[in-house]
K.L.:
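Here you go, one structure.
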Protein chains: 2
Amino acid sequence: MSDTHTDVPSVVSAPLPIPVPLEEHQACPVTDVLRRVGDRWSVLIMILLGKRSYRFNELHRSIEGISQRMLTRTLRGLEHDGLVSRTVHPTNPPTVEYDLTPLGRTLLEPLSALADWAVAHGADIATARERHAAP
Amino acid sequence: MSDTHTDVPSVVSAPLPIPVPLEEHQACPVTDVLRRVGDRWSVLIMILLGKRSYRFNELHRSIEGISQRMLTRTLRGLEHDGLVSRTVHPTNPPTVEYDLTPLGRTLLEPLSALADWAVAHGADIATARERHAAP
DNA sequence: CGGCATCCCGTGAGATACTG
DNA sequence: CAGTATCTCACGGGATGCCG
């Protein structure tokens with residue numbers, strides 16, 4: 001199916017107005033999602049939440065190197081976009097539960113395709129980089 | 001096939017060492033690709049080059065709002081990772097042709113899946129954002 | 001426990017000017 | 001035409017400390 005002829009599907013093959021308007025590029029939902037997904041922690045957090053729900057400090061302990069600040073900010077960002085839900089249980093002390101929303105769950109699929117690609121071709125990229133670093 | 005039960009495939013569902021080691025996260029090819037794809041111009045350029053080859057200033061004119069500097073840097077970055085090829089034709093004045101490499105072409109597929117998701121769910125995200133902005 | 005406020009720094013990215 | 005060189009600034013992101 002994926003042979004020598006690489007068929008490029010759907011929206012990326014859709015005709016673009018040339019020159020690509022600045023306005024359109026910035027407003028594009030694709031650009032939007034790419035920026036979300038391109039930050040340092042969002043995807044990792046989504047992957048963890050894809051397995052089960054987590055509490056705040058539980059996430060904090062589960063991700064080496066993330067600061068509280070960035071964990072908060074990233075979770076807020078994901079929540080803001082409707083990808084993650086935040087549930088406060090009025091216990092004492094309070095417990096806060098984070099989950100993937102159904103929307104967030106659907107994002108994991110195309111994300112997974114990209115991740116698979118990365119794993120499959122990571123060596124190719126590494127090779128290309130070394131070739132470029134050659135004297 | 002994709003019904004109520006969202007099945008999460010492949011690497012994103014693979015078991016992770018908890019806590020996720022900082023080292024591992026930074027070295028991960030997925031992280032790598034996400035950052036590449038998460039910058040402002042890479043994907044747009046790849047989409048254009050997916051349709052046909054372009055010359056430098058032709059790209060520059062085709063993308064409203066990009067600076068020469070960023071066009072150069074982004075192209076160099078893509079070339080560095082083996083996603084784009086740069087061919088200099090020794091004419092006078094020199095013409096330089098940019099193309100997607102076969103590797104770059106394969107990346108267009110999972111990228112397309114993500115783009116499709118973004119287009120399909122852009123409204124949901126917008127709604128979630130408005131809900132959060134509500135008084 | 002689950003945060004927010006503050007300070008600080010590296011880098012992504014634009015503007016402008018110059019070159020083979 | 002196809003870039004390189006500077007300067008500059010905004011912003012992502014880390015460290016630290018305080019709070020309900």
Side-chain angles (χ1 to χ4, degrees), chain A residues 19-23 25-26 31-45 48-49 53-81 84-99 132, chain B residues 19-23 25-26 31-45 48-49 53-81 84-99 132:
Chain A
V20 180
L22 179 55
E23 203 74 6
H25 177 233
Q26 287 173 337
T31 305
D32 226 56
V33 170
L34 286 175
R35 288 201 73 92
R36 255 254 90 69
V37 144
D39 71 16
R40 191 166 174 189
W41 304 109
S42 286
V43 170
L44 180 54
I45 290 177
L48 287 176
L49 294 182
S53 77
Y54 276 82
R55 307 220 323 269
F56 185 86
N57 279 324
E58 198 180 3
L59 270 177
H60 194 203
R61 283 188 302 269
S62 299
I63 305 177
E64 205 172 274
I66 194 173
S67 61
Q68 286 172 348
R69 174 185 149 83
M70 282 318 293
L71 180 54
T72 303
R73 282 180 59 98
T74 305
L75 284 171
R76 289 288 185 277
L78 291 170
E79 188 196 359
H80 185 249
D81 285 357
V84 160
S85 69
R86 176 178 182 271
T87 312
V88 182
H89 299 282
T91 60
N92 192 330
T95 58
V96 179
E97 206 175 333
Y98 289 95
D99 272 286
H132 250 265
Chain B
V20 179
L22 179 54
E23 204 75 3
H25 177 234
Q26 287 172 336
T31 304
D32 226 55
V33 169
L34 286 174
R35 287 201 74 92
R36 182 126 279 316
V37 143
D39 71 14
R40 191 163 175 191
W41 304 109
S42 286
V43 169
L44 180 54
I45 290 177
L48 287 175
L49 293 182
S53 76
Y54 276 80
R55 308 216 325 268
F56 185 86
N57 277 324
E58 198 180 3
L59 270 177
H60 193 203
R61 283 188 303 269
S62 298
I63 305 177
E64 205 172 275
I66 194 173
S67 60
Q68 290 158 350
R69 174 185 148 84
M70 283 317 294
L71 180 53
T72 302
R73 284 181 60 99
T74 306
L75 284 171
R76 289 288 185 277
L78 291 170
E79 188 196 359
H80 185 250
D81 284 359
V84 159
S85 69
R86 175 177 182 271
T87 312
V88 181
H89 299 281
T91 60
N92 191 329
T95 56
V96 179
E97 207 176 331
Y98 289 95
D99 272 286
H132 249 265

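Source: prediction; values computed, not measured. The chains referred to below are lettered A, B, ... by the order of the sequence lines, with proteins before strands, and numbering in each begins at 1. Any value given below was found using the heavy atoms of this structure, including those in side chains, with hydrogens, waters and symmetry copies removed.
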K.L.:
What's the spacing between B/Thr72 OG1 and B/Ile66 CD1 if we round to 0.5 Å?
P.N.:
8.5 Å
K.L.:
Would you please name every residue forming a side chain to side chain contact (heavy atoms under 4.5 Å, CB included) with A/Gln68, sequence neighbours left out?
P.N.:
A/His60
K.L.:
For the OH atom of B/Tyr54 and the CD1 atom of B/Ile63, what is their distance to the nearest 0.5 Å?
P.N.:
8.5 Å
K.L.:
Strictly below 4.0 Å, heavy-atom distances to any atom of DNA chain C: list the hits from residues 58-69 of chain A, or just say none.
P.N.:
A/Gln68, A/Arg69
K.L.:
Please report the shortest heavy-atom distance between A/Val43 and B/Leu34, naming the atom on each side.
P.N.:
CG2-CD1, 3.5 Å
K.L.:
In Å, rounded to the nearest 0.5 Å, how long is the span from NE2 of A/His25 to CZ of B/Arg40?
P.N.:
7.0 Å
K.L.:
Identify the 5'-most and 3'-most nucleotides of DNA chain C with at least one atom closer than 4.0 Å to a non-hydrogen atom of chain B.
P.N.:
C/dA13 to C/dA17
K.L.:
Going 5' to 3' on DNA chain D, which nucleotide is the first and which the last to come under 4.0 Å of a heavy atom in chain B?
P.N.:
D/dC1 to D/dG13
K.L.:
Among residues two or more places apart or on two chains, list those pairs meeting salt bridge (Lys or Arg N to Asp or Glu O under 4.0 Å) that have a residue in residues 58-72 of chain A.
P.N.:
A/Arg52-A/Glu58
K.L.:
Return the residues of residues 32-40 of chain B meeting this criterion: a heavy atom under 4.0 Å from some atom of DNA chain D. Order them by number, or give none.
P.N.:
B/Arg35
K.L.:
Kindly state each residue pair satisfying side-chain hydrogen bond (donor to acceptor under 3.5 Å, both in side chains) with at least one member in residues 85-94 of chain B, sequence neighbours excluded.
P.N.:
B/Arg86-B/Tyr98, B/His89-B/Glu97
K.L.:
Just so I know, are the side chains of A/Leu71 and A/Ile45 near enough to count as touching, which here means a heavy-atom distance under 4.5 Å?
P.N.:
yes
K.L.:
Per the end-axis method with five pairs at each terminus, what is the bend angle of the helix from C/dC1-D/dG20 to C/dG20-D/dC1, to 10°?
P.N.:
50°
K.L.:
So, do B/Leu59 and B/Leu75 sit near enough that their side-chain heavy atoms are less than 4.5 Å apart?
P.N.:
yes
K.L.:
List in chain and number order the residues that pass side chain to side chain contact (heavy atoms under 4.5 Å, CB included) with A/Ser42, two or more places apart in sequence or in another chain; answer none if no residue qualifies.
P.N.:
A/Arg36, A/Asp39, A/Thr74, A/Leu78
K.L.:
Using the side chain to side chain donor-acceptor pair (under 3.5 Å) criterion, which residues pair with A/Asp32? Sequence neighbours excluded.
P.N.:
B/Arg129
